Amino acid sequence: MSRTLLSHILHRPPPLLASRGGGRGGALPSRLRTLRLNCSVAEATASGDEAPAPPARKKRVVSGVQPTGVVHLGNYLGAIKNWVSLQDLYETLFFIVDLHAITLPYEAPQLSKATRSTAAIYLACGIDSSKASIFVQSHVRAHVELMWLLSSSTPIGWLNRMIQFKEKSRKAGDENVGVALLTYPVLMASDILLYQSDLVPVGEDQTQHLELTREIAERVNNLYGGRKWKKMGGRGGSLFKVPEALIPPAGARVMSLTDGLSKMSKSAPSDQSRINLLDPKDVIMNKIKRCKTDSFPGLEFDNPERPECNNLLSIYQIITGKTKEEVIRECENMNWGSFKTTLTDALIDHLQPIQVRYEEIMSDPGYLDGVLLEGSGKAAEIADITLNNFTFHSVAIKVNDYQSPE
């Protein structure tokens, strides 16, 4: 492993500090909080008062974005914007998946910079660190440890069928593809299962990876859960929750500005194909002005012969918060010139506050460090419980017969 990679992964405050009260706002250590809760319940019971019923647990949602390239409109509309509403409905963990970013060639200093930039964009877009845990994947080491354990139970045939691996390995050639490109779906499964996730927001093109995660969870539950392990001293039951997909009703897949049949992507060679969240006004204006359209009269949704029209109308719908019916009434008789001006104005108005807030956050590195430290501490508390339980069942239970020396 290179020194630059070690510098990126290891150059961070230890997550343990967060669990000892090092987070923002002077949070009490987790053990002390639990102790005080137990004491208050005991005191209430002793005085004849009924102990309050514990609040119903919210379902847990986890998701992340790679810090490669720049965050674009597709990342925002397909993922981050939806997270803002999810944080009010669920227990949420949103992280920057920097370990996934090293499956292809990269520069470590640039990766470190992009990781912090992506975290700042999360916050600028409206993710609230008092509602959601925001952290960097490599700052919670249980991700990698659980991945290794899951790898031992994942058949190689399951990984060989993954479409993204086939496409990327074919382009790069076998000699230029690392093992991590094949096994990263197991790391993705670890990211999800580590937090006993109920729901995972995914685009329509990502459902294959979630299905693999579900298959791994079911296989491990069968191998190491159930009654047979309970008889041997284990907890029994299921070790992992089998997560469900949470697919947004609209905007799950934003398409390229130069090809309405291709997904908007960071890796596309032309920057003209995407709107980056930090693009200045004149750049946004120029990209929309030059984006691909068609020669049909009027504007309409869902015509398979007009993918660019459907894409641009969908972007406008989500950016403005309007319904399809409202967009149709407003835009169906517009020509492309008029609609492009309308779309440009809507994009600039929507993205400008995000850009201003992003600059504020990046100018205060102490604040950003505090958010990430607090988030990794909260995440580690959950992750360590899952990892320790699975390690006990899959490894340590086999040596239970050995006694510790007196």
Side-chain angles (χ1 to χ4, degrees), residues 59-66 68 71-83 85-86 89-90 92-97 99-101 103 137 143 146-147 150-151 153-171 180-222 238 240-256 259-268 302 304 307 310-311 314-315 318:
K59 288 189 175 182
R60 185 174 292 154
V61 171
V62 300
S63 193
V65 169
Q66 285 197 38
T68 51
V71 177
H72 57 67
L73 197 64
N75 302 133
Y76 173 62
L77 297 183
I80 302 172
K81 188 174 185 295
N82 295 311
W83 297 353
S85 57
L86 293 178
L89 302 173
Y90 303 100
T92 49
L93 297 99
F94 301 128
F95 49 103
I96 300 94
V97 290
L99 295 176
H100 287 288
T103 56
Q137 180 189 31
H143 285 261
L146 181 60
M147 179 214 175
L150 294 177
S151 296
S153 300
T154 304
I156 191 69
W158 290 6
L159 301 180
N160 283 332
R161 75 188 186 205
M162 303 304 290
I163 295 173
Q164 289 192 18
F165 169 73
K166 291 179 181 178
E167 292 176 348
K168 292 181 179 180
S169 61
R170 183 169 58 248
K171 291 179 182 178
L181 187 61
L182 176 66
T183 60
Y184 91 92
V186 185
L187 178 57
M188 186 180 294
S190 173
D191 298 336
I192 296 168
L193 300 179
L194 195 57
Y195 299 103
Q196 303 293 350
S197 311
D198 296 288
L199 299 166
V200 182
V202 294
E204 293 176 355
D205 61 324
Q206 299 169 316
T207 53
Q208 187 185 39
H209 287 119
L210 181 59
E211 189 56 38
L212 176 67
T213 297
R214 289 170 53 83
E215 290 174 346
I216 291 174
E218 290 169 349
R219 180 179 175 86
V220 168
N221 286 341
N222 181 61
S238 296
F240 297 115
K241 282 188 177 179
V242 181
E244 300 289 341
L246 184 62
I247 299 178
R253 197 175 192 196
V254 178
M255 311 309 285
S256 166
D259 178 6
L261 297 176
S262 299
K263 184 180 177 182
M264 187 175 286
S265 171
K266 297 176 181 179
S267 60
D302 302 324
N310 184 71
N311 184 46
S314 296
I315 291 173
I318 303 167

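The figures here come from the full heavy-atom set of this structure, side chains too, leaving out hydrogens, waters and symmetry mates. Remember, it's a predicted structure, so these values are computed and weren't measured experimentally.
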| message | Run the side chain to side chain contact (heavy atoms under 4.5 Å, CB included) test on L182 and N160 for me, step by step, so that the C-alpha distance in whole Å, both residues' side-chain angles and the decisive distance to 0.1 Å come before the verdict. | response | CA-CA 7 Å; L182 176 66; N160 283 332; 3.8 Å; yes

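- The two residues L86 and P201 have their closest heavy-atom pair at CD1-CG, 3.8 Å.
- Rounded to the nearest 0.5 angstrom, T207 OG1 and I247 CD1 are separated by 6.5 Å.
- With rounding to the nearest 0.5 Å, the separation of OG in S314 from CG in D302 is 7.0 Å.
- At a threshold of 4.5 Å between non-hydrogen side-chain atoms, the residues L199 and V62 do not count as touching.
- Annotation: side chain of F240 is not in contact with side chain of I216 (no heavy-atom distance under 4.5 Å).
- Between Y184 and H209 there is a side-chain heavy-atom pair separated by less than 4.5 Å.
- In this structure, L99 CG and Q66 CD are separated by 10.0 Å, a value rounded to the nearest 0.5 Å.
- Taking 4.5 Å as the limit, every side-chain heavy atom of V61 sits out of range of all side-chain heavy atoms of S197.
- R219 is listed as a side-chain neighbour of W158, based on a closest heavy-atom distance under 4.5 Å.
- The 12-atom threshold is exceeded at NZ of K266, counting heavy atoms of other residues, nucleotides or ligands nearer than 6.0 Å.
- Proximity of P243 to R214: side-chain heavy atoms (C-beta onward) are separated by under 4.5 Å at one or more points.
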| task | Could you give me the CA-CA distance, side-chain angles and deciding distance for M147 and T183, then say whether side chain to side chain contact (heavy atoms under 4.5 Å, CB included) is met? | result | CA-CA 9 Å; M147 179 214 175; T183 60; 3.6 Å; yes

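- Counting heavy atoms from C-beta outward, L246 and V202 have side chains that stay 4.5 Å or more apart.
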| query | Passes side chain to side chain contact (heavy atoms under 4.5 Å, CB included), L187 versus H100? Steps please. | reply | CA-CA 8 Å; L187 178 57; H100 287 288; 3.7 Å; yes

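- A donor-acceptor pair under 3.5 Å is formed between the side chain of N75 and the backbone N or O of H72.
- Residues E244 and V200 have side chains not in contact (no heavy-atom distance under 4.5 Å, counting atoms from C-beta outward).
- Residue H143 comes nearest to S190 through the heavy atom pair O-OG, 2.7 Å, listed as atom of the first residue, atom of the second, then distance.
- Distance check: D198 CG to I192 CD1 gives 12.0 Å after rounding to the nearest 0.5 Å.
- In this structure P304 satisfies the side chain to side chain contact (heavy atoms under 4.5 Å, CB included) test with no other residue, sequence neighbours excluded.
- Using the six-membered ring where Trp is involved, F95 and Y195 have ring planes that are tilted, between 30° and 60° apart.
- Rounded to the nearest 0.5 Å, atoms NZ (K263) and CG (N311) are 12.5 Å apart.
- Here the OH-CE distance, from Y76 to M264, works out to 13.5 Å after rounding to the nearest 0.5 Å.
- Under the 4.0 Å criterion applied to side-chain N and carboxylate O atoms, R161 and E215 are assigned as salt-bridge partners.
- Pairing each heavy atom of V242 with each of A217, the nearest pair is CG2-CB, 4.2 Å.
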| said: I'd like to know whether V65 forms a side chain to side chain contact (heavy atoms under 4.5 Å, CB included) with I96, so could you lay out the CA-CA distance, the side-chain angles of the two residues, the decisive distance to 0.1 Å, and finally the verdict. | reply: CA-CA 5 Å; V65 169; I96 300 94; over 6 Å; no

